[in-house]
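What follows is a set of notes on a single structure, which appears directly below.
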Amino acid sequence: MSRLIVVSNRVPVPDKRGTAPAGGLAVALQSALAARGGLWLGWSGQSCGEEDVGPLRSVKDGNIEYALTDLTDLDVEEYYHGFANRVLWPICHYRLDLAEYGRREMAGYFRVNRFFASRLLPMLQEDDLIWVHDYHLIPLADELRRQGVKNRIGFFLHIPWPAPDVFLAMPVHEELLKTLTAYDVIGFQTVHDRENFAECLARQGLGKRLGESKFMVGEHTFTARPYPIGIETDEFAGLAKRAAETTLHKRMLQSLDGKALIIGVDRLDYSKGITQRIDAFETFLNRHPESQRNVTLLQITPKSRSEVPEYEAMQRTVAEQAGRVNGALGTVDWVPIRYVNRSLRRPALAGLYRMAKLALVTPLRDGMNLVAKEYVAAQCEDDPGVLLLSRFAGAAQELKEAVLVNPYDVEGTAEAMARSLAMPVDERRERWRSMMKTLRENDVFAWCDTFLGELSGSTARPAYRAALPQGGILRSKAV
Ligand code: GDG
């Protein structure tokens with residue numbers, strides 16, 4: 001079996017005890033790496049200032065090598081904060097209004113991709129399979145090809161691929177689209193994303209479509225397909241079940257004092273629809289006064305990318321909004337919204353999902369949204385809670401038995417909250433069983449197998465699950 005090379009912006013390096021700081025995605029990729037032997041390359045998260053970037057830092061764990069490179073201040077500013085987070089992220093989430101184009105940042109993005117290619121090159125062997133992740137590294141295959149690499153190279157986009165009118169508004173769209181066609185396999189989260197991509201190619205007159213998933217540009221043919229990412233379903237379900245017996249869980253239950261828990265878990269990001277959700281919750285409370293004092297919304301929102309001005313502003317907006325609702329509707333012994341602005345440990349999160357009667361997963365746009373899947377996996381089969389899910393999350397394509405909402409429709413979402421909280425247990429069970437079946441069939445290990453099967457041209461399914469790292473599942477992904 002060929003070696004596997006994973007390249008992503010950040011790398012989940014195991015700590016000194018050999019424990020992997022991993023959510024489902026990192027666990028699955030580490031298992032695939034352990035089964036084949038291989039290398040995971042990415043940015044260390046550190047800047048070397050204006051100095052020359054030194055040698056790679058290498059961490060070995062069994063037959064997996066983690067190789068980390070620093071970047072200069074200029075690289076971090078232009079490639080990461082600049083083009084990746086201030087142009088590609090908003091564009092791919094349909095927020096043309098937030099994209100800040102700058103030629104300097106665009107050039108920096110391509111330069112850093114060239115740099116990653118040059119770091120990888122000396123470590124490559126002839127039949128290595130290379131799997132590149134996410135929007136930070138779109139041009140990587142093209143840079144590797146220019147440097148003579150002939151290996152099979154795959155790419156998985158974790159976020160949405162936008163509609164052509166949005167994508168083509170980006171000044172550098174043509175170069176970016178062309179570089180993407182240097183891959184052998186391009187994975188998207190949904191059919192919709194793949195069709196948007198195919199339409200971008202057609203609108204640019206770039207190559208031709210040979211079949212549903214086959215495309216040809218020049219002499220090069222490649223596959224572009226949806227590979228919806230999953231979670232470590234059974235492991236997460238077990239984690240949630242065990243968490244229900246912990247002291248934290250018991251304390252939380254006590255503090256709820258019989259009130260129904262509603263949960264929202266999102267990185268602080270404008271794509272997640274947090275402000276619209278709080279508006280909908282307020283509308284629900286006002287229209288259903290009988291619910292007041294009987295429900296509590298726990299919104300867990302760890303900070304992310306606080307260096308980007310929109311994120312800093314959003315942090316203030318959400319906190320003020322929650323404070324306003326609590327001030328207007330709360331009483332001395334009831335707080336409608338509990339707002340937590342930091343990260344919880346993964347087992348604690350799993351336990352809270354299980355306790356919650358309703359999860360609000362209402363992004364305005366999301367590649368997949370793993371929170372939706374984790375919530376379902378964490379439920380108790382006899383008395384499962386209800387998933388209220390945005391139709392604009394990739395997960396809505398698979399979890400059709402969730403209560404689907406349009407997050408822009410605040411009143412509609414408020415009414416869906418009321419319906420969900422009143423849903424009879426038989427209906428909840430039926431919906432849950434069907435969603436759980438989907439999650440079991442397409443867990444993150446199956447996702448990994450399917451993608452690598454396509455990339456390697458093999459239909460045999462290696463048993464990655466058997467090679468799970470000892471550290472198990474600890475926290476969210478770091479890619
Ligand atoms: C990108 C795409 C796509 C959140 N708070 C805590 C915590 N989390 C974990 C969740 C979940 C993960 O973070 C978030 O994953 P999502 O999929 O919901 O969203 P993004 O981070 O935006 O991820 C997305 C994904 O890539 C994978 O392809 O689904 O569409 O945007 O696992 O549990 N984890 C812990 N404490 C927290 O407070 N431990």
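All values reported here derive from a predicted model rather than from experimental measurement. One-based numbering along the sequence shown. Ligands are counted one by one from 1 in listed order, and the atoms in each one are counted from 1 as well.
Both the backbone and the side chain of Leu370 come within 4.0 Å of ligand 1, counting heavy atoms alone. With a 4.0 Å cut-off on non-hydrogen atoms, Arg365 does not touch ligand 1 at all. Contacts between Asp269 and ligand 1 below 4.0 angstrom, taking non-hydrogen atoms only, are absent altogether. Using a 4.0 Å cut-off between heavy atoms, Asn369 contacts ligand 1 through both its backbone and its side chain. Counting heavy atoms under 4.0 Å from ligand 1, residue Tyr135 does not touch it at all. Within the 4.0 Å heavy-atom criterion, both parts of Val371, backbone and side chain, lie near ligand 1. Only the side chain of Pro302 comes within 4.0 Å of ligand 1, judged by heavy-atom distances.
Distances between N or O atoms of His158 and those of ligand 1 include at least one value under 3.5 Å. Residue-to-ligand polar distances place Asp366 within reach of ligand 1: an N/O pair is separated by less than 3.5 Å. Taking any N or O of Phe156, backbone or side chain, none lies under 3.5 Å from an N or O belonging to ligand 1. By the 3.5 Å distance cut-off applied to N or O atoms, Met368 is counted among the residues near ligand 1. Looking at ligand 1, you won't find any N or O of Trp89 less than 3.5 Å from one of its N or O atoms.
Between the side chains of Asp409 and Asn406, no donor-acceptor pair is found at a separation under 3.5 Å. Between Thr362 and Arg277, the side chains place a donor N or O and an acceptor N or O closer than 3.5 Å (distance only, hydrogens not considered). With no hydrogens or angles considered, no side-chain donor-acceptor pair links Tyr80 and Glu105 at under 3.5 Å. In the model, Arg251 has no side-chain atom that pairs as donor or acceptor with a side-chain atom of Thr246 under 3.5 Å.
Within ligand 1, counting atoms from 1 as listed, the ones closer than 4.0 Å to a heavy atom of Lys272 are 18 (O), 19 (O), 20 (P), 22 (O). Close approach of ligand 1 to Glu374 (heavy-atom distance below 4.0 Å) involves ligand atoms 10 (C), 11 (C), 32 (O), 33 (O). Atoms of ligand 1 lying under 4.0 Å from at least one heavy atom of Arg267, given by number and element, are 20 (P), 21 (O), 22 (O). Of all the atoms in ligand 1, the ones that sit under 4.0 Å from a non-hydrogen atom of Tyr353 are 33 (O). Each of the following atoms of ligand 1 lies closer than 4.0 Å to a heavy atom of Val265: 4 (C), 5 (N). Numbered from 1 in the order shown, with element, the atoms of ligand 1 that lie under 4.0 Å from a heavy atom of Gln189 read 3 (C), 28 (O). Residue Ile300 approaches ligand 1 through these ligand atoms, each under 4.0 Å from one of its heavy atoms: 38 (O). In summary, the atoms of ligand 1 found under 4.0 Å from a heavy atom of Gly367, numbered by their order in the structure, are 30 (O).
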Take Arg346 and Glu374 through the salt bridge (charged side-chain N to carboxylate O under 4.0 Å, His left out) test and state the conclusion after the steps.
-> CA-CA 11 Å; Arg346 198 159 166 85; Glu374 290 165 358; 3.3 Å; yes

Might you work through the side chain to side chain donor-acceptor pair (under 3.5 Å) test for Tyr79 and Asn85, ending with a clear yes or no?
-> CA-CA 8 Å; Tyr79 147 82; Asn85 285 339; over 6 Å; no

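Ionic pairing of Glu320 and Arg316 is not present here: no N-O contact between side-chain nitrogen and carboxylate oxygen is shorter than 4.0 angstrom. Ion pairing between a basic and an acidic side chain is recognised when a charged N comes within 4.0 Å of a carboxylate O; Arg433 and Glu381 show no such pairing.
Residue contact check for ligand 1: Phe236 places no non-hydrogen atom closer than 4.0 Å to it. Contact annotation: Leu349 has at least one heavy atom less than 4.0 Å from an atom of ligand 1.
Sequence neighbours left out, the pairs with a member in residues 383-395 that pass side chain to side chain donor-acceptor pair (under 3.5 Å) are Asp383-Arg428.
Contact check for Met314 versus Ile274: side-chain heavy atoms found under the 4.5 Å cut-off. Looking at Trp40 and Ile5, their side chains never come closer than 4.5 Å, going by heavy atoms from C-beta outward.
The number of heavy-atom neighbours closer than 6.0 Å to CD of Glu175, taken from other residues, nucleotides and ligands shown, is above 12.
With sequence neighbours left out, Thr233 forms a side chain to side chain donor-acceptor pair (under 3.5 Å) with no residue at all.
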